[in-house]
Amino acid sequence: MPERAAAQPSLYSAESADPPALNGGRCRACGYVFFPPQSYGCESCGAPPQHLEPVTLAGRGTLHSFATVHLHQAKGIEAPFTVGVILLDDGPAIRSILTSRTDEGLRAGDRMISTMVPQGRDDQGREVVELRFQKAASDQG
Ligand SMILES: [Zn+2]
């Protein structure tokens with residue numbers, strides 16, 4: 001039995017590598033890569049869903065923009081927290097909560113990597129982990 005559970009299992013695996021990878025999709029017709037996974041059809045060339053296939057996206061990218069939320073607006077998270085848009089090296093952009101609570105020390109263009117943050121336990125006693133992004137150390141990313 002797994003001891004960890006992903007808070008959003010459709011988007012990433014709790015057992016994933018370091019840094020954790022994300023579940024995305026790719027169009028076999030035109031090569032367009034997207035996140036999150038969807039099964040409506042290709043947003044780029046209009047190919048039907050049977051041309052889409054799941055791909056694993058590396059949890060690495062570049063910080064595009066970010067904002068700190070100072071009021072308590074989200075369920076289950078304490079303000080302040082910082083939300084960033086990261087352009088993944090594999091193509092798509094992802095909006096993610098960052099591990100740093102404020103924007104201190106963050107700049108657009110920073111290298112970012114994904115990480116798993118424990119968020120308590122589920123009713124089966126498994127540790128629930130949520131994927132977030134943090135600034136990469138200079139020897140990472
Ligand atoms: Zn396509």
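Order of appearance sets the numbers: ligands from 1, and atoms from 1 within every ligand. Keep in mind that what you see is a predicted model, and the values were worked out from it rather than measured.
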C45 and C27, any side-chain heavy atoms less than 4.5 Å apart: yes
Rounded to 10 degrees, the angle SG of C42 makes with SG of C45 at the Zn ion (ligand 1): 110°
Vertex the Zn ion (ligand 1), arms to C27 SG and C30 SG, rounded to 10°: 110°
Residues R111 and T62: side-chain donor-acceptor under 3.5 angstrom: yes
4.5 Å side-chain heavy-atom contact, C42 and L52: yes
Minimum side-chain heavy-atom gap L22-L11 below 4.5 Å: no
Contact flag H51/the Zn ion (ligand 1), N/O/S atoms, threshold under 2.8 Å: no
